[in-house]
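A short worksheet on the structure shown next.
All of these numbers come straight from a predicted model, not from anything done at the bench. Chain identifiers are assigned alphabetically (A, B, ...) following the order of the sequence lines, protein sequences preceding nucleic acid strands; residue numbering begins at 1 within each chain.
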Amino acid sequence: MQQLSIYNTLSRQKEVFKPLHQGRVGLYVCGPTVYGDPHLGHARPAITFDILFRYLSRLGYKVRYVRNITDVGHLENDADEGEDKIAKKARLEELEPMEVVQYYLNRYHKAMEALRVLPPSIEPHASGHIIEQIRMVQKILDNGYAYVSKGSVYFDVEKYNKSHHYGKLSGRNIEDMLSATRSLEGQDEKKNAMDFALWKKASPEHIMRWPSPWSDGFPGWHIECTAMGTRYLGEEFDIHGGGMDLLFPHHECEIAQSVAALNKESVRYWMHNNMITINGQKMGKSLGNFITLEEFFNGSHPMLTQAYAPMTIRFFILQAHYRSTVDFSNEALQASEKGYSRLMDIYSRLQELEPAETSTVNLSDLRQKCFDAMNDDLNTPVVISHLFEAGKAVNSIFDGNAAISAGDLKELREVFALFVSEILGLDPSTASQDNAKAEAERAAYKAVVDLLLELRLEAKANKDWAQADKIRKQLAELGFKVMDTKEGFDWKWSAP
RNA sequence: GGUUCCUUGACCGAGUGGCUAGGUAACGGUCUGCAAAACCGCUUACGGCGGUUCGAAUCCGCCAGGAACCUCCA
């Protein structure tokens with residue numbers, strides 16, 4: 001039985017994870033706002049919580065993983081005066097808002113699939129849950145924590161803070177914030193600068209709008225997660241995740257909303273992944289310094305010296321702990337690419353090993369060491385280090401300098417399959433999209449390469465080095481890397 | 001200005017009081033017709049200055065540098 005500890009932002013320490021309902025876990029993660037191509041930053045939470053989802057499932061929990069799609073409600077820079085982001089983009093491109101949503105959502109899904117991020121159990125759209133959001137706003141109004149102003153509804157932060165602590169998640173207090181709040185113009189609708197919108201009345205040109213008791217308009221920035229989390233996971237659920245940049249105000253507002261509407265805090269464990277930086281700065285939409293995932297995959301961005309495979313990106317992210325920032329650079333990515341390739345070589349060699357009578361290596365504690373690392377707040381870099389450590393043994397056995405018994409070999413293969421493939425979600429197969437035909441084709445060309453190398457072996461036996469080198473050289477030009485071994489040869493292919 | 005956090009060897013990146021990960025690169029060695037791969041080694045790195053302690057990268061204080069959030073952001 002494994003005991004998972006996770007870092008809870010609420011308590012600022014690691015806590016043993018205990019689910020609300022035995023055997024089941026409710027997990028909610030803030031998903032993307034689909035008005036632009038997914039970039040490297042989007043990969044971080046997706047992969048982080050994919051690992052959590054996979055791991056919890058592996059521990060035997062029945063997990064309901066909800067990751068929302070924000071397709072309404074977020075305002076432009078000028079806060080309340082702005083128009084809906086989706087609507088603005090739609091007008092610029094003369095597309096229907098839902099067309100824009102669908103386009104970028106498809107691209108997001110495609111990128112996530114390439115990164116081997118499993119789809120969540122439910123992927124609710126904010127636009128599909130307007131009724132739930134209106135109901136929740138009404139509840140907050142009924143409970144006296146909100147007020148209507150010119151057709152919009154605002155959360156009364158000051159009132160809420162009299163009986164609850166607004167700022168408990170992000171470690172702030174209302175007094176500090178009041179002194180630091182900038183005086184934005186055009187906020188006369190609000191009683192207080194800190195109050196946030198629960199419902200916004202739409203301006204005449206605003207095309208995304210829904211009827212409500214207060215006005216034709218759209219829901220506020222934060223209510224969707226509270227409404228959809230409650231709808232699918234209940235008034236109280238286990239884990240809520242997201243990027244650290246959402247800690248304040250988004251998640252803080254979520255807590256206030258659920259307390260105001262339901263009279264209870266919905267979330268037991270708050271988890272936040274750190275940012276990916278570029279030149280030491282956060283990679284993000286607002287700074288315009290982001291590189292899209294597609295650009296990584298095809299190497300088209302000017303800052304990239306080459307293309308990087310999706311698995312390289314995934315491995316790169318997993319080599320750092322999710323609560324640390326990770327700095328992007330070509331150098332770091334290239335190191336990950338080689339490291340990943342090495343790990344995959346180890347994995348495939350492991351499948352080829354022949355068992356011996358007894359083992360000269362001791363890897364019996366590998367499984368638990370990997371579990372221990374995962375149990376310690378999902379420490380994937382340490383899991384990876386254990387795998388590499390075991391990889392040295394694998395290579396030694398492969399070279400004939402060590403031996404492994406049939407039982408130990410079986411265990412080792414199981415542990416690798418479990419952690420490399422199942423939990424870390426890395427792809428151990430040489431090609432990802434398998435089908436019977438491609439498999440047969442691959443088998444055929446493998447046989448041909450083997451045949452050529454048999455010929456080369458003969459040439460070598462005859463000391464015909466010219467012939468031997470010629471075969472190797474020409475194969476190399478086609479992308480086949482030939483490696484001589486004691487028994488004969490080994491080879492692998494990668495794009496030349 | 002407020003809140004939170006970070007600073008590890010050539011590079012990336014684990015590590016919350018003694019056992020000093022891992023990857024990448026460079027270099028040396030083994031193996032080998034050559035090469036590649038693999039294996040071994042690479043001689044103790046933790047921003048600075050103090051303090052606590054038998055003992056600190058790890059705890060405390062000060063200083064320096066950097067970041068995130070306070071506005072849409074993963």
Pair of N/O donor and acceptor under 3.5 Å linking rC34(B) base with Asp484(A) side chain: yes
Give me the distances for all protein-to-nucleotides 19-26 of chain B N/O pairs that come in under 3.5 Å?
unit_1  : atom_1 : unit_2    : atom_2 : d
rA21(B) : N3     : Ser385(A) : OG     : 3.4
rG22(B) : OP1    : Glu389(A) : OE1    : 3.1
rG23(B) : OP1    : Arg342(A) : NH1    : 3.2
rU24(B) : OP2    : Arg342(A) : NH1    : 3.4
rA25(B) : OP1    : Lys338(A) : NZ     : 3.4

Upstream residue (5' side of RNA chain B) when Thr325(A) and Met275(A) are each assigned their closest nucleotide: Thr325(A)
Rounded distance in Å - CD1 (Ile174(A)) to P (rU3(B)): 16 Å
rC69(B) base / Arg172(A) side chain donor-acceptor hit below 3.5 Å: yes
For rC69(B), the Watson-Crick or wobble partner whose two distances fall under 3.5 Å: rG2(B)
Base-pairing assignment for rC11(B) (Watson-Crick or G-U wobble, both under 3.5 Å): rG23(B)
Pairing partner (Watson-Crick or G-U wobble, both distances under 3.5 angstrom) of rG55(B): none
Charged tip of Arg172(A) within 45° of Phe248(A) ring normal and under 6.0 Å: yes
Lys/Arg-Asp/Glu bridge criterion (N-O < 4.0 Å) met for Asp327(A), Lys282(A): no
Stacking check Trp465(A) vs rG33(B) (5.5 Å / 30 deg): yes
Nucleotide forming a Watson-Crick or wobble pair with rC31(B), both distances under 3.5 Å: none
Distance, P atom - from rC69(B) to rC46(B), rounded to whole angstrom: 31 Å
Ionic contact status for Lys14(A) with Asp377(A), cut-off 4.0 Å: no
Lys460(A) to Phe489(A) six-membered ring, cation-pi geometry met (6.0 Å, 45°): no
Nearest-angstrom distance from the residue atom CZ of Phe248(A) to P of rU4(B): 13 Å
Separation of atom OH in Tyr322(A) from atom P in rG15(B), rounded to whole Å: 11 Å
Phe388(A) six-ring centre to Arg342(A) NZ/CZ under 6.0 Å and within 45° of normal: no
Strand partner of rC62(B), provided both Watson-Crick or wobble distances fall under 3.5 Å: rG48(B)
Thr33(A) side chain near rA74(B) phosphate (N/O to OP1/OP2, under 4.0 Å): yes
Residues Glu389(A) and Lys369(A) bridged, charged N to O under 4.0 Å: no
Any Asn401(A) side-chain nitrogen or oxygen under 4.0 Å from OP1 or OP2 of rA38(B): no
Residue matched to rC42(B) through Watson-Crick or wobble contacts both under 3.5 angstrom: none
Nucleotide rA68(B), atom C1' - distance to CD1 of Ile276(A) in whole Å: 14 Å
Heavy-atom donor-acceptor pair, Arg472(A) side-chain to rC34(B) base, under 3.5 Å: yes
5' precedence on RNA chain B between Lys14(A) and Ser396(A) (nearest-nucleotide basis): Lys14(A)
Lys282(A) vs rC69(B): side-chain N/O to OP1/OP2 distance below 4.0 Å: yes
By side-chain hydrogen bond (donor to acceptor under 3.5 Å, both in side chains) - contacts of Arg413(A) (at least two apart): none
Distance-only donor-acceptor test, Asp469(A) side-chain atoms vs rG33(B) base atoms, 3.5 Å: yes
Qualifying side chain to side chain donor-acceptor pair (under 3.5 Å) pairs, either residue in residues 306-315 of chain A, two or more places apart: Asp50(A)-Arg314(A), Gln306(A)-Gln334(A), Gln306(A)-Glu337(A), Tyr308(A)-Asn330(A)
Whole-Å P distance, rC59(B) and rU16(B): 9 Å
Any Ser324(A) side-chain N or O less than 4.0 Å from OP1/OP2 of rG13(B): no
